[in-house]
Amino acid sequence: MVKIPKVTRRKAIYLGGTTLATTLLTGWLRHPKSLKAYAARKGLLYGSAAAYSKLSENQEFARRFIEECAILTPENDLKWHKIHPKPNDYDFSRGDWLAEFAKRHKLKMRGHTLVWHQSIPKWLKETANPQNAESILKEHIMTVAGHYQGLIHSWDVVNEAIEVRDGHPLGLRKSPWFQWLGKDYIDIAFRVAAEADPHALLFYNDYDLDYDIPHQNAKREAVLNLLRSLKEQGTPIHGLGIQAHLSGPETRFNAEKLKQFLADVASLDLKIMVTEMDVYDRGLPYDYEKRDRRIAEVYEMYLNTVLEEPNVIGVLTWGLSDRYTWLSKHRPRNDKAPVRPLPLDREFKPKLAWESIANSFASST
Ligand code: G3I
């Protein structure tokens, strides 16, 4: 039997779309102007997380977002504490604004997230117990995923359920959901999400899957085992989100190990998305040129590796511009200089990281 290389699938989409190309169009295709265009040439999606507060208050940012992105993840606006602030009270206002923004500008939208150990509202902490947690979880997922039914490309149904350092034999995080419901909460969440929105792709999403260090090697193994067991029990799961919060100074990157992990995930018939990529610059030189060069190098090295896997369908960064990034607050530099982890600078101009992401898309097969 002739073995057709898997990579031809993406190429076919591209070639199929360019049969009517004029000379001008050909020029544009060689040097597209946006990351979404570079990605689209290879049948991939590029996008970013963004907050309602930033997209709605800064028109220049919104304009650049639409230019660069084909897909949007609400950074915090769909999390439990924001969308379900009281037991019988849902607040869809910010999510609805983002869904409308996405629709108006022809962006796809991701859902983030239905089950997480963080962002648990105070009322839930105070009232949930092993007897009522399952019905609270089901009601939340039916209501939220049901509200956005048909509008979501992919949901991060369960986020960050693995923490090997918690000592559970399967590497499961001892999160509130685990304490209330045991390991079944994961399967339950996917089944209810599938019922609430049969059109959305349903993802498991996690971080620290990137480097060749003992904790991350163990975490990749635990995630793979979790995905295997979910598939074996018929859980409706369609993909793995690898967050890819990378570190500028970290050098323990092993492309072969990462590729093998992605191939193992793909062999379970799961799609893969890079869901939250950024490169933090604590520990890198202050000098912008040196710093940006290293950050760009990390983007390119990582994406060149990941994009070799044909089941990868898209890449999102966790923010588009250095002006708006969680890292300013959560991982500031020791010298207090503004952080530079994203493709655009604080004035929304492309940096070397932008070039690297574009190059990785351009050279992927
Ligand atoms: O909205 C309040 C604001 O009113 C207040 O003035 C300000 C004071 O510091 O805090 C603001 O809330 C913060 C919010 O981000 C918006 O900036 C919260 O304190 C802060 O905890 C929250 O952090 C978010 C974090 O998740 C926790 O939910 C980050 O923005 C968000 O980028 C981060 O995203 C996570 C993904 O969901 C999952 N993967 C990891 C990723 C990074 O941690």
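Please read these numbers as outputs of a predicted model, since none were measured by experiment.
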Item to check | Residue pair I313, L45: steps toward the side-chain contact (heavy atoms from CB on, under 4.5 Å) verdict | outcome: CA-CA 6 Å; I313 60 169; L45 287 166; 5.6 Å; no
Item to check | Sole residue of K351, R346, K349 in salt bridge (Lys or Arg N to Asp or Glu O under 4.0 Å) with D322 | outcome: K351
Checklist entry - Side-chain heavy atoms under 4.5 angstrom apart, residues restricted to Ile, Leu, Val, Met, Phe, Trp, Tyr: same cluster for L352 and Y38? => result no
Next on the checklist: Has K271 got a side-chain atom pairing as donor or acceptor with G239's backbone, closer than 3.5 angstrom?
Outcome noted: no
Checklist entry - Between L181 and L137, is any pair of side-chain heavy atoms under 4.5 Å apart? => result yes
Checklist entry - Could you give the distance from CG (L284) to CZ (R333), rounded to the nearest 0.5 Å? => result 6.5 Å
Checklist entry - When you look at NZ of K231, are more than 12 heavy atoms from neighbouring residues, nucleotides or ligands closer to it than 6.0 Å? => result yes
Next on the checklist: Under a 3.5 Å cutoff, is there a donor and acceptor pairing between the side chains of Q243 and N159?
Outcome noted: yes
Next on the checklist: Tell me whether R228 contacts the main-chain N or O of V223 through its side chain, where contact means a donor paired with an acceptor under 3.5 Å.
Outcome noted: no
Checklist entry - Does the cation-pi check pass for K54 over F65, that is, NZ or CZ under 6.0 Å from the six-membered ring centre and within 45° of its axis? => result no
Checklist entry - Same cluster for L258 and L227 if Ile/Leu/Val/Met/Phe/Trp/Tyr side chains link at under 4.5 Å? => result yes
Checklist entry - When the ring planes of F253 and Y211 are compared, do they come out parallel, tilted or perpendicular, using 30° and 60° as the limits? => result perpendicular
Item to check | Whether D197 side chain and H199 backbone form a donor-acceptor pair below 3.5 Å | outcome: yes
Checklist entry - So, Y302 and N304: side-chain donor and acceptor under 3.5 Å apart, yes or no? => result no
Next on the checklist: Using salt bridge (Lys or Arg N to Asp or Glu O under 4.0 Å), reason through R110 and D156 one step at a time and then give a plain yes or no.
Outcome noted: CA-CA 8 Å; R110 304 200 73 243; D156 290 332; 2.9 Å; yes
Next on the checklist: Using a 3.5 Å distance criterion without hydrogens, assess whether the side chain of S328 forms a donor-acceptor pair with backbone atoms of Y324.
Outcome noted: no
Checklist entry - Hey, do the aromatic rings of H245 and Y207 have their centres closer than 6.0 Å? => result no
Checklist outcome for this item: Partner of D281 under salt bridge (Lys or Arg N to Asp or Glu O under 4.0 Å), picked from K290, R291, R340, R294, is R291
Next on the checklist: Around atom CG of N225, are there more than 12 heavy atoms from other residues, nucleotides or ligands closer than 6.0 Å?
Outcome noted: yes
Checklist entry - Around atom CD of E57, are there more than 12 heavy atoms of other residues, nucleotides or ligands at under 6.0 Å? => result yes
Item to check | Criterion side-chain contact (heavy atoms from CB on, under 4.5 Å) on L240 and F261, from CA distance to verdict | outcome: CA-CA 11 Å; L240 171 69; F261 171 68; 3.8 Å; yes
Item to check | Closest non-hydrogen atom pair between Y280 and P249, with its separation | outcome: O-CD, 4.1 Å
Checklist entry - With a 3.5 Å cut-off and no angle check, do the side chains of E160 and Q118 form a donor-acceptor pair? => result no
Checklist entry - Which distance, rounded to the nearest 0.5 Å, do you find between the CZ of F203 and the OG1 of T275? => result 8.5 Å
Checklist entry - Could you give the distance from CE (M142) to NE2 (H147), rounded to the nearest 0.5 Å? => result 14.0 Å
Next on the checklist: Angle between ring planes, Y90 versus F92, binned at 30° and 60°: parallel, tilted or perpendicular?
Outcome noted: parallel
Checklist entry - Can you check whether L107's main-chain N or O pairs, donor with acceptor, with H105's side chain at less than 3.5 Å? => result no
Item to check | Under 3.5 Å donor-acceptor, Q216 side chain and D210 backbone | outcome: yes
Item to check | Nearest atoms (heavy-atom pairs only) where W155 meets A200 | outcome: CD1-CB, 4.0 Å
Checklist entry - Is it the case that R173 places NZ or CZ above or below the six-membered ring of F178, under 6.0 angstrom from the centre and within 45 degrees of the axis? => result no
Item to check | Common cluster, W116/L209, ILVMFWY with side-chain heavy-atom separation under 4.5 Å | outcome: no
Checklist entry - Is it true that the side chains of T317 and D278 contain a donor and an acceptor less than 3.5 Å apart? => result no
Item to check | L307-V274 co-clustered via ILVMFWY side chain contacts under 4.5 Å | outcome: yes
Checklist entry - If you take all heavy atoms of P343 and L35, which pair is closest and at what distance? => result CB-CD1, 4.2 Å
Next on the checklist: Distance check, rounded to the nearest 0.5 Å: I136 atom CD1 versus N129 atom CG?
Outcome noted: 7.0 Å
Next on the checklist: Less than 6.0 angstrom separating the ring centers of H84 and W123, yes or no?
Outcome noted: yes
Next on the checklist: For K103 and E100: C-alpha separation, side-chain torsions, deciding distance, then whether salt bridge (Lys or Arg N to Asp or Glu O under 4.0 Å) applies.
Outcome noted: CA-CA 5 Å; K103 198 168 154 205; E100 176 56 33; 5.0 Å; no
Checklist outcome for this item: Heavy atoms of L72 and A102 approach each other most closely as CD2-CB, 4.3 Å
Checklist entry - If you take all heavy atoms of L44 and S364, which pair is closest and at what distance? => result CD1-OG, 4.1 Å
Next on the checklist: With a 4.5 Å cut-off on side-chain heavy-atom distances among I, L, V, M, F, W and Y, is there a chain of contacts connecting V312 to L270?
Outcome noted: yes
Checklist entry - Is R64 positioned over the aromatic face of F348, cation under 6.0 angstrom from the ring centre and no more than 45 degrees off axis? => result no
Checklist entry - Under the 3.5 angstrom rule, does the side chain of S34 hit a backbone N or O of E68 as a donor-acceptor pair? => result no
Checklist entry - Donor-acceptor pair, D345 side chain versus E347 backbone, under 3.5 Å? => result yes
Checklist entry - When the ring planes of W180 and W177 are compared, do they come out parallel, tilted or perpendicular, using 30° and 60° as the limits? => result perpendicular
Checklist entry - Do other residues, nucleotides or ligands put more than 12 heavy atoms under 6.0 Å from the CD atom of Q59? => result no
Next on the checklist: Between I71 and M109, is the side-chain contact (heavy atoms from CB on, under 4.5 Å) condition met? List the steps.
Outcome noted: CA-CA 5 Å; I71 184 163; M109 181 155 134; 5.9 Å; no
Checklist outcome for this item: Heavy atoms of D206 and K219 approach each other most closely as OD1-NZ, 2.9 Å
Checklist entry - Is the NZ or CZ atom of R323 both under 6.0 Å from the centre of the six-membered ring of F61 and within 45° of that ring's axis? => result no
Next on the checklist: For Y286, is the OH atom crowded, meaning more than 12 foreign heavy atoms sit under 6.0 Å from it?
Outcome noted: no
Next on the checklist: Between E297 and R293, does any NZ, NE, NH1 or NH2 come within less than 4.0 Å of an OD or OE carboxylate oxygen?
Outcome noted: no
Next on the checklist: I need the full list of salt bridge (charged side-chain N to carboxylate O under 4.0 Å, His left out) pairs touching residues 237-258, with sequence neighbours left out, sorted by first then second residue.
Outcome noted: D212-K257, E250-R252, E256-K259
Checklist entry - Is there a donor-acceptor pair closer than 3.5 Å between any side-chain N or O of T73 and the backbone N or O of E75? => result no
Checklist entry - What is the ring orientation for H140 with W80, classed by angle as parallel under 30°, tilted 30 to 60°, or perpendicular over 60°? => result parallel
Item to check | Short N-O contact, E195 and R191, less than 4.0 angstrom | outcome: no
Item to check | Heavy-atom donor-acceptor pair, S154 side chain to L201 backbone, under 3.5 Å | outcome: no
